[in-house]
Amino acid sequence: MKEKILGVDVCVDSYEGLITKILEDIDQKRKSLIVAINPEKIMKAQEDPDLHRLLNSATYQIPDGIGVILASKLKKGSIRNRITGIDMMLKLCEAARDHHKKVFLYGAKPGVAETAKRELEAMYPGIEIVGTMDGYQKNQEVVKDAINQSQADILFVAMGSPAQENWILANMNDIFPSIFQGVGGSFDVISGNLKRAPKGFQSLGLEWLYRLLKEPWRWKRQLILPAFLVKALRD
Ligand code: UDP
């Protein structure tokens with residue numbers, strides 16, 4: 001089930017529902033793309049038809065960010081729980097461990113994916129992370145060969161948006177994995193290079209405030225939220 005917010009599809013499913021579908025996708029060898037939707041991407045998509053198409057061509061659009069929940073509420077929709085990109089990634093890692101699916105980490109600065117791998121192995125003992133590759137390797141054949149040889153079922157791509165989604169769409173049909181998720185700066189967070197907001201901020205939906213305090217130069221990006229809500233309400 002999906003809901004449209006300013007023309008962009010967003011999944012109504014819970015984590016559990018999504019994980020069940022994704023495990024089925026792997027077993028059926030169905031290609032799936034998971035993309036995190038936030039107000040910034042929805043607003044950009046209003047002016048960028050390519051991005052709009054890209055977002056709607058994903059298999060699963062997850063409601064990342066409190067803005068998407070508020071917009072759904074305003075429109076009497078039924079999306080009530082945030083599913084952040086990084087939480088989805090962690091839930092998928094847990095499911096991969098429990099169901100013996102293989103994971104590959106592609107992206108971020110050299111060394112970061114390696115550290116994220118070790119952290120994930122500590123968090124989910126037994127998880128099979130069958131390869132890593134930094135996001136600055138220019139030779140695409142090297143990247144694709146490593147992914148194919150690993151026979152990973154799930155590929156996480158951490159190169160920022162929309163570069164990571166564009167890369168996935170251009171390559172997903174020619175490489176081994178079934179499940180593709182663009183995860184932005186998640187490897188930096190998991191490896192400990194970047195701190196995430198404390199749980200209190202997260203549960204109050206105030207992660208944006210924490211990021212604003214830590215990275216004040218982001219304020220311009222965050223001005224989008226009120227404009228987005230007004231536009232969504234008028235739509
Ligand atoms: N990155 C990369 N290759 C590039 C450019 C960026 O692997 O050519 C990585 C960068 O090191 C960082 C991530 O992409 O780990 C971008 O994270 P950011 O938080 O900017 O992404 P967002 O989720 O905000 O789009």
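The basis for the numbers below is simple: all heavy atoms, side chains too, and nothing from hydrogens, waters or symmetry mates. Atoms within a ligand are numbered from 1 in the order they appear, just like the ligands themselves.
Not a single ring pair (Phe, Tyr, Trp, His ring centres under 6.0 Å) links Y124 to another residue, sequence neighbours left out.
Listed by first and then second residue, the side chain to side chain donor-acceptor pair (under 3.5 Å) pairs involving residues 94-104 are D27-K101 (not counting sequence neighbours).
Considering all non-hydrogen atoms of both residues, E165 and K41 come closest at OE2-NZ, 4.2 Å. Between F187 and G107, the shortest heavy-atom contact is CD1-O, 3.6 Å. Between F104 and A152 the shortest heavy-atom distance is CB-CB, 3.6 Å.
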What are the atom names and distances for all N or O pairs under 3.5 Å between ligand 1 and the protein?
residue: ligand 1; atom: 1 (N); partner: Y136; partner atom: OH; Å: 3.2
residue: ligand 1; atom: 3 (N); partner: G135; partner atom: O; Å: 2.9
residue: ligand 1; atom: 7 (O); partner: A108; partner atom: N; Å: 2.8
residue: ligand 1; atom: 7 (O); partner: A158; partner atom: O; Å: 3.4
residue: ligand 1; atom: 11 (O); partner: Y136; partner atom: OH; Å: 3.1
residue: ligand 1; atom: 14 (O); partner: A158; partner atom: O; Å: 3.2
residue: ligand 1; atom: 15 (O); partner: D188; partner atom: OD2; Å: 2.5
residue: ligand 1; atom: 17 (O); partner: G185; partner atom: N; Å: 3.4
residue: ligand 1; atom: 25 (O); partner: S161; partner atom: N; Å: 3.1

I'd like a table of donor-acceptor pairs (distance under 3.5 Å, sequence neighbours excluded) in which one partner is a side-chain atom from residues 227-235, with atom names and distances.
none

